[in-house]
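Below: the structure, in structure tokens.
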Amino acid sequence: MPERAAPPARSEDMAKRPSSQAAAPDFASTVSTPSDPAAEGNDADASTARAPGREGEPHRLHRDARLGSTDKELKAGATAEGSAQTALGTPGVELMDPVGGSQSLLPRPCRVLVLLNPRGGKGKALKLFQSCVQPLLVQADISFTLMLTERRNHARELVQTGELGCWDALVVMSGDGVMHEVVNGLMERPDWEMAIRKPLCSLPAGSGNALAASLNHYAGYEQVTNEDLLTNCTVLLCSRRLVPMNLLSLQMASGLRVFSVLSLAWGFIADVDIESEKFRRLGEMRFTLGTLLRLASLRTYQGRLAYLPIGQVVSKMPTSRALDRQNQQGPVDAHLVPLEEPVPSHWTVVPEQDFVLVLALLHSHLGSEMFAAPMGRSEAGAMHLFYVRAGVSRATLLRLFLAMEKGRHMECNCPYLVYVPVVAFRLEPRDGKGMFAVDGELVVSETVQGQVHPNYFWMVGGRGEPPPSVEPQPMPSQKPQQTPPPEKPL
């Protein structure tokens, strides 16, 4: 997989580079020697073109070079080749506990790993990085290593097995799917409790870019798309501010456990998301086309939906029974019972019926131009739950989606559209029909339940204050602790 270090070394640094390197970190063993960049869907000239605002030209590291180090860092670290990494990254500058309403910062200077998907969106991510992102990073004293993903789940594999101590943050330049891969890769590591504290950053270069659009909204910026959204998110990275984010834990009937950073969709929205993949080169227009095609042959899905509204939440520590039944690593889903059991009596059960769509959404946006949750940012530990019952007309559904661009769909007062803020939910599709999309990625249709874990990981964000929690947080002395200490990002 192509990898490039930046900023490039001055000539004197190149002259002083050690003639041999220590054994490469685990990351290097997962990286193949790059082939022609054009074969990866990129302009071959783009990989070597001089970018404004930096000295010299980017160059390709040998596969045995230390990943994540610029040339001047290699020189500085040459005397410490034998020293072992003792932490996953340099702690940020701690300001206050973010749960109490403030933020932490990435260090200055800062080193980041950029995982870029060259096929995302319209396939122009690499050129956009060089023209829009790179000059701002150089000005902000943020050094980076650029790695191009080569296939689905490549980013997941890299962060799952690689040494992360070289970087202060992981930057994902793609759509929401690669961020999904990265978070799940971190949660699959043996040291997942430490790894998930590595700060993350989303730079939009995909089709939907919902997570980046939400962060843009939380920072107080107006709704923008394309290069403007990318520039805003890069400015947020340069500002170094970190905000805690909710994490959705999903349990599937097959035993699979998945973590979501954005959404779970079933029905209409999932159909559009998955079926429009063949129009990826259209960028965001793929969703408009997919919506029109699905409206022409509108489907309904039968299933059973239940949820735990935030008003019914009682502070609940994990019981020994909950710990016994969850044999997978990760936080304990204390509000969930086994799928073979009925939901608890204090949950709300929607009578079994036909649905057009069900959407569990962690953030404000479902796409860069889909302001799905104008009611405000979810509280810590909560998410937005929407569902549309069967019987809605095609014209009404079209009006809802058109109004969603400006966040005015709730003003339509559609009797088929229901919204409720929740902490947990369970969805049981009848006969396994319909598609699930988790963060835009296809998942097999089967009974699923999920719970939100508050303030579970860090992301580069803006000026907005973190939301309050829907339930009291356990004291640090209580065990097991479900939420890693948010005051100490790595």
Side-chain angles (χ1 to χ4, degrees), residues 176 207-210 213-214 217 223 225 262-280 282-305 307 350-375 383-422 425 427-443 445 448:
D176 301 307
S207 301
N209 305 316
S214 298
H217 173 67
Q223 183 169 294
T225 62
L262 178 65
S263 65
L264 176 140
W266 179 62
F268 186 91
I269 291 176
D271 290 348
V272 170
D273 208 345
I274 302 302
E275 292 174 356
S276 66
E277 277 284 335
K278 54 182 172 289
F279 308 125
R280 177 172 290 277
L282 297 178
E284 296 172 26
M285 283 298 297
R286 64 177 262 208
F287 300 113
T288 302
L289 178 57
T291 298
L292 295 175
L293 291 175
R294 180 46 50 217
L295 281 171
S297 55
L298 189 61
R299 300 170 181 164
T300 58
Y301 301 95
Q302 288 189 323
R304 193 171 184 85
L305 176 65
Y307 55 83
V350 179
E352 185 167 310
Q353 56 185 288
D354 291 342
F355 295 91
V356 172
L357 67 87
V358 175
L359 173 67
L361 181 64
L362 288 171
H363 293 292
S364 61
H365 283 66
L366 194 57
S368 59
E369 293 186 292
M370 297 185 73
F371 190 11
M375 56 286 300
M383 58 187 157
H384 308 286
L385 178 65
F386 300 88
Y387 61 92
V388 175
R389 295 190 296 260
V392 63
S393 68
R394 290 179 175 83
T396 298
L397 196 58
L398 178 59
R399 282 196 296 270
L400 287 175
F401 277 92
L402 292 176
M404 191 182 293
E405 179 179 351
K406 302 299 182 183
R408 294 178 177 173
H409 51 292
M410 302 304 294
E411 300 173 12
C412 296
N413 296 318
C414 174
Y416 297 95
L417 171 62
V418 180
Y419 163 74
V420 59
V422 304
F425 73 94
L427 179 58
E428 303 174 61
R430 178 179 290 180
D431 301 326
K433 293 183 178 178
M435 290 186 287
F436 277 127
V438 177
D439 300 340
E441 301 299 302
L442 177 64
V443 177
S445 179
V448 61

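In this text the structure is predicted, and so the values were computed from the model without any measurement. Note that the numbering runs from 1 along the sequence shown for the chain.
Across Q223 and E369, no two heavy atoms sit closer than the pair NE2-CA, 3.7 Å. When all heavy atoms of A390 and V356 are compared, the closest pair comes out as CA-CG2, 3.9 Å. Here the closest non-hydrogen pair linking A270 and A265 is CB-O, 3.5 Å. The heavy-atom pair separating L366 from A372 by the smallest distance is CB-CB, 4.0 Å. The two residues F425 and A360 come nearest to each other via the heavy atoms CE2-CB, 4.0 Å. Taking all atoms of both residues into account, the shortest heavy-atom contact from N209 to D176 is N-OD2, 3.6 Å.
Taking the side chain as every heavy atom from C-beta outward, Y416 and T396 never approach each other to under 4.5 Å. Within the 4.5 Å cutoff, the side chain of S263 has no heavy atoms near those of the H384 side chain. Using a 4.5 Å heavy-atom threshold, the side chains of Y387 and L427 count as separate. Between L385 and L359 there is no side-chain heavy-atom pair separated by less than 4.5 Å. Residues F436 and P429 meet the side-chain proximity criterion, which asks for heavy atoms closer than 4.5 Å.
Between F268 and F401, the ring centre distance stays below 6.0 Å.
The side chain to side chain contact (heavy atoms under 4.5 Å, CB included) test with L357 singles out one residue from T300, I269, L417, and that residue is I269.
Ring geometry for F371 against H365 counts as parallel: the plane angle stays under 30°, on a 0 to 90° scale with 60° as the upper cut.
Judged purely by atom type and a 3.5 angstrom limit, R389 uses its side chain to pair as donor or acceptor with the backbone of P415.
Counting heavy-atom neighbours within 6.0 Å of R394 CZ, excluding the residue itself, gives a total above 12.
Here the NE2 atom belonging to H363 is positioned 8.0 Å from the CG atom belonging to L361, to the nearest 0.5 angstrom. The line from NZ of K406 to CD of E411 is 13.0 Å long, rounded to the nearest 0.5 Å.
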Could you walk me through whether F386 and Y419 pass the ring pair (Phe, Tyr, Trp, His ring centres under 6.0 Å) test, one step at a time?
-> CA-CA 5 Å; F386 300 88; Y419 163 74; 4.9 Å; yes
